[in-house]
Amino acid sequence: MLLTFDVGNTFVKYGIYQGSELQGLGKVKADEIAPELFHDFDIKEVAISSVVPQVTENLVSFCQKHFSVSPFVISSESKFNLSIDYRTPHTLGLDRLCGAEGAFAMVLKEHNSETNEDPIVTVDFGTATTINLIRPGGVFAGGIIAPGIETMINSLFKRTAQLPKIDFADYREFIGKDTNSSIASGIMNASVGLIEKSLSKISAEYQNKQLDVFLTGGNSALINPYIEFKCSIVKDLVIKGVYAVNKLNKI
């Protein structure tokens, strides 16, 4: 079985594959990784996408110790199904790239095609909110990095004397009627506005062609109802990309 890891700044997500079928999916903090999480699975192979080098090192040691496996750690030097049009590929977050790989693989499978004819956009709601464009022909073209929802909430709480820490799920209305709902509206509409502006610009650039838009990350379900463009929520999008990149690099 293949164990895949998506190491982010806040959580570590993992997926367990038997062949091409996902058998298990989970999310923990880095210090909660333990052998007991995987005792029901016969792990023979491990692939890691990570944006936190220290956690990567710890995961490699963990896998060597408990599975007797040396993981495949995805890097900018790995082979990808997408071609990369990015000025500094060595600084490109592997979560962004693997999310794009996951979306690309889903589109190819859905259309039974070797490449994408329409633009693909991924939006990942994490510590940062990232919006990424895959051009027709399978080209990762870059994207946008902005503060994530929880980052905005925590920043207002920590850097102001009187603003409370809110629960983003309490968003109810555009015009807030108290401080909590005003903050929630500001963060919701900053996020939705960023996404819709980006999708509108991309759509116009491609003469209003159909966009394949994929949302992933913890706040996808909360944000999606307020986005006017059609979006698909895929909670394991990056994990799917890790699987695809691992498969390609085994060839």
Checklist entry - Looking at Lys240 and Glu101, does any basic side-chain N land under 4.0 Å from a carboxylate oxygen? => result no
Checklist entry - Side-chain contact, heavy-atom cut-off 4.5 Å: Phe11 with Lys29? => result yes
Checklist entry - Does a side-chain heavy-atom distance below 4.5 Å link Val12 with Asp6? => result no
Item to check | Criterion side chain to side chain contact (heavy atoms under 4.5 Å, CB included) on Val121 and Ile202, from CA distance to verdict | outcome: CA-CA 9 Å; Val121 179; Ile202 293 168; 3.9 Å; yes
Item to check | Approximate separation, where rounding is to 0.5 Å, of Ile16 CD1 and Phe5 CZ | outcome: 8.0 Å
Checklist entry - What pair of heavy atoms forms the shortest contact from Met106 to Leu237, and how long is it? => result SD-CD1, 4.0 Å
Checklist entry - Between Thr56 and Ser50, what is the shortest heavy-atom contact and its length? => result OG1-OG, 2.6 Å
Next on the checklist: Measuring only between side-chain heavy atoms, which start at C-beta, is Val192 closer than 4.5 Å to Ile195?
Outcome noted: no
Checklist outcome for this item: In this structure, CG of Asn81 is separated from CD1 of Ile134 (nearest 0.5 Å) by 12.0 Å
Next on the checklist: Testing the basics here: between Gln210 and Asp118, what is the closest heavy-atom pair and its distance to 0.1 Å?
Outcome noted: O-CB, 3.2 Å
Next on the checklist: With no hydrogens and no angle check, just 3.5 Å: does a side-chain donor-acceptor pair link Thr127 and Thr151?
Outcome noted: no
Checklist entry - Is a side-chain donor-acceptor pair under 3.5 Å present for Asn224 with Ser220? => result no
Next on the checklist: Once rounded to the nearest 0.5 Å, what's the spacing between atom OH of Tyr17 and atom CG of Leu3?
Outcome noted: 11.0 Å
Checklist entry - Quick one: are Glu196 and Glu228 in side-chain contact, heavy atoms under 4.5 Å? => result yes
Item to check | For Ala103 against Phe214, the heavy-atom pair lying closest together | outcome: CB-CD1, 3.6 Å
Item to check | Residues, nucleotides or ligands: over 12 heavy atoms within 6.0 Å of Gln23 CD | outcome: yes
Next on the checklist: Is there a side-chain contact between Val7 and Ile48 in this structure, where contact means two heavy atoms from C-beta onward sitting under 4.5 Å apart?
Outcome noted: yes
Checklist entry - Is any side-chain heavy atom of Ile183 less than 4.5 Å from a side-chain heavy atom of Pro164? => result yes
Checklist entry - Between OG of Ser181 and CZ of Phe174, what distance do you get to the nearest 0.5 Å? => result 12.5 Å
Item to check | Chi angles and distances behind the side chain to side chain contact (heavy atoms under 4.5 Å, CB included) call for Asp212, Asn116 | outcome: CA-CA 10 Å; Asp212 290 309; Asn116 60 312; 5.9 Å; no
Item to check | Pair Ile120-Leu133, side chain to side chain contact (heavy atoms under 4.5 Å, CB included): steps then yes or no | outcome: CA-CA 6 Å; Ile120 302 170; Leu133 170 65; over 6 Å; no
Checklist entry - Should Met188 and Tyr226 count as side-chain neighbours, where that means a heavy-atom distance under 4.5 Å? => result yes
Item to check | Side chain to side chain, Ile223 and Ile149, heavy atoms closer than 4.5 Å | outcome: yes
Item to check | Salt bridge Arg135-Asp85, side-chain N to carboxylate O under 4.0 Å | outcome: yes
Item to check | Point-to-point distance, once rounded to the nearest 0.5 Å, from NZ of Lys201 to OH of Tyr206 | outcome: 13.0 Å
Item to check | Side-chain donor-acceptor pair present, Asp124, Thr216, cut-off under 3.5 Å | outcome: no
Next on the checklist: Could you check whether Phe140 and Phe104 have their ring centres less than 6.0 Å apart?
Outcome noted: no
Item to check | CA sep, side-chain torsions, deciding dist, call: Lys250, Glu45, side chain to side chain contact (heavy atoms under 4.5 Å, CB included) | outcome: CA-CA 11 Å; Lys250 287 171 60 178; Glu45 189 179 4; 3.0 Å; yes
Checklist entry - Any luck finding a side-chain donor-acceptor pair between Ser61 and Asn58 under 3.5 Å? => result no
Checklist entry - How long is the span from the CD1 atom in Ile239 to the NZ atom in Lys27, to the nearest 0.5 Å? => result 12.0 Å
Next on the checklist: I'd like to know whether the aromatic ring centres of Phe62 and Phe67 sit less than 6.0 Å apart in this structure.
Outcome noted: yes
